[in-house]
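Each remark here refers to the structure printed beneath this line.
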Amino acid sequence: MRATFHGDPAGEYPRDPDDARAAQRRMAGLVREEPVECSRASTVAGLDVSYAAGDTHLVAAAVVLSVPELGVVDSATVVAEPRFPYVPGLFAFREVPPLLEAVEALSVTPDVFVCDGFGLAHPRRFGLASHLGVLLERRTLGVGKSPFVGRADPPADARGSWSPLVDGDEVVGRALRTRSGVRPVYVSIGHRVDLDGASDLVLRLAPRFRSPEPIRHADRLSRDVLASRPSSPSSSA
DNA sequence: GCGACAG
DNA sequence: ATCTTGTCGC
């Protein structure tokens, strides 16, 4: 599929943290929430990035799965060099460029993109999932493994139980139990989805393990490619 | 000012 | 995220 933007539609790619935060404040207003039936998605893409020690290079992966079969129907990987350092809250500026390239390399356009990180559950309400959603103008949601902003009471032990993730006076996401007896994952809206639909989809995508299958596939693929290419950045499908 | 801080 | 073996437990 084809992406329309490669960076902040309002200007140059951020050169430092202050620029990046300003860009997030501008773009945050572009996020939309839509009350859709995410669970009716027939194809979902999982996105993830793996890094080489020393930050010499990275591998971004996009894997498309059919729903509800959860079979792999397409995938793409991109090897590149980090353009931005890791700074909590500015995570997207590290991963968005290579992820957009990986998404463009797909031959299938998925109905929803599942990102490894957050969307609205972010200091400026513009985490990775929202950032990608706005640039691609596609439905996205974020699934984090540890809370970033806000706090949530532990959900009941049964799979499917959840509790709201609250930051100040806002509900920015929810802690969702995808497996009983295992720590919950944190779901938040990326773009053009609603929290109920996003949570419902995540539960369908994680029938057995804590993390959604699309993300597990993207994680494994990016890790495998990283291991097979010890150095020299380039791209491949 | 201090601590915390997605991957 | 990554550096890293075995080990305890279901």
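Chain A is the first sequence line, chain B the second, and so forth, proteins listed ahead of strands; every chain is numbered from 1.
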**Asked** Given Phe126(A) and His131(A), is the side-chain contact (heavy atoms from CB on, under 4.5 Å) satisfied, shown in steps?
**Response** CA-CA 6 Å; Phe126(A) 199 70; His131(A) 200 138; 3.5 Å; yes
**Message:** Please convert DNA chain C into dot-bracket. A pair counts if it is Watson-Crick or G-U wobble with both distances under 3.5 Å; crossing pairs go in [ ] and bases paired with another strand get |.
**Reply:** ..........
**Asked** Which part of the nucleic acid does Asp48(A) contact within heavy-atom distance under 4.0 Å: base, sugar-phosphate only, or nothing?
**Response** sugar-phosphate
**Asked** Do Arg83(A)'s NZ or CZ and the ring of Tyr13(A) fall within the cation-pi criteria of under 6.0 Å and 45°?
**Response** yes
**Request:** Under 3.5 Å for both distances, Watson-Crick or G-U wobble, that's the pair rule; now give the dot-bracket for DNA chain B, with | marking pairs to another strand and [ ] for crossing ones.
**Result:** .......
**Prompt:** With a 4.0 Å cut-off on heavy atoms, is Tyr51(A) in touch with a base, just the backbone sugar-phosphate, or nothing at all?
**Reply:** sugar-phosphate
**Asked** Within the structure shown, what part of the strands sits under 4.0 Å from Gly89(A) by heavy-atom distance: base, sugar-phosphate, or nothing?
**Response** base
**Prompt:** To the nearest Å, how far apart are Tyr86(A) OH and dT2(C) P?
**Reply:** 13 Å
**Message:** Can you confirm if the NZ or CZ of Arg174(A) lies within 45° of the ring axis of Tyr186(A) and under 6.0 Å from the centre of its six-membered ring?
**Reply:** no
**Asked** So, the side chain of Thr178(A) versus the backbone of Arg210(A): is there a donor-acceptor pair under 3.5 Å, distance only?
**Response** yes
**Asked** What is the distance, rounded to the nearest whole Å, between atom CG of Leu226(A) and atom C1' of dA1(C)?
**Response** 10 Å
**Request:** For Arg125(A) and His122(A), indicate whether the former's side chain and the latter's backbone hold a donor-acceptor pair under 3.5 Å.
**Result:** yes
**Request:** Verify, without hydrogens or angle tests, whether Thr140(A) (side chain) and Ala129(A) (backbone) share a donor-acceptor contact under 3.5 angstrom.
**Result:** yes
**Fill in**
The complete set of salt bridge (charged side-chain N to carboxylate O under 4.0 Å, His left out) pairs with one or both residues in residues 57-71 of chain A, sequence neighbours excluded, reads none
**Asked** Do side-chain atoms of Asp194(A) reach the backbone of Gly197(A) as a donor and acceptor pair under 3.5 angstrom?
**Response** yes
**Prompt:** So where does chain A start and stop touching DNA chain B, 5' to 3', when the test is distance under 4.0 Å to a non-hydrogen atom?
**Reply:** dC5(B) to dG7(B)
**Prompt:** Atom CG of Asp116(A) to atom P of dA1(C): distance rounded to whole Å?
**Reply:** 7 Å
**Message:** Walk me through whether Leu65(A) and His217(A) qualify under side-chain contact (heavy atoms from CB on, under 4.5 Å).
**Reply:** CA-CA 9 Å; Leu65(A) 273 62; His217(A) 276 88; 3.9 Å; yes
**Request:** Would you mind classifying the nucleic acid contact of Leu128(A) as base, sugar-phosphate or nothing, using non-hydrogen atoms under 4.0 angstrom?
**Result:** base
**Request:** Scan side-chain atoms only and decide if Glu137(A) and His191(A) contain a donor-acceptor pair under the 3.5 Å cut-off.
**Result:** yes
Exercise answer: donor-acceptor pairs, residues 87-99 of chain A side-chain atoms, under 3.5 Å, sequence neighbours excluded:
residue: Arg94(A); atom: NH1; partner: Asp55(A); partner atom: OD2; Å: 3.1
residue: Arg94(A); atom: NH1; partner: Phe84(A); partner atom: O; Å: 2.8
residue: Arg94(A); atom: NH2; partner: Asp55(A); partner atom: OD1; Å: 2.7
residue: Arg94(A); atom: NH2; partner: Asp55(A); partner atom: OD2; Å: 3.0
residue: Glu95(A); atom: OE2; partner: Tyr51(A); partner atom: OH; Å: 2.9

**Prompt:** Charged N to carboxylate O below 4.0 Å: is that the case for Arg216(A) and Asp219(A)?
**Reply:** no
**Request:** Using only heavy-atom distances, determine whether the side chains of Ser107(A) and Asp74(A) contain a donor-acceptor pair under 3.5 Å.
**Result:** yes
**Fill in**
In whole angstroms, the gap separating C1' of dT2(C) from CG of Asp224(A) amounts to 16 Å
**Prompt:** So what does Leu47(A) hit on the nucleic acid, given a heavy-atom distance under 4.0 Å: a base, only sugar-phosphate, or nothing?
**Reply:** nothing
**Request:** Check whether the side chains of Asp111(A) and Ser42(A) place a donor and an acceptor atom closer than 3.5 Å, and report yes or no.
**Result:** yes
**Asked** With respect to the phosphate group of dA1(C), does any side-chain polar atom (N or O) of Arg94(A) fall under 4.0 Å of OP1 or OP2?
**Response** no
**nucleotides 4-10 of chain C: protein proximity per nucleotide (B base, S sugar-phosphate only, - neither; heavy atom, under 4.0 Å)** = -------
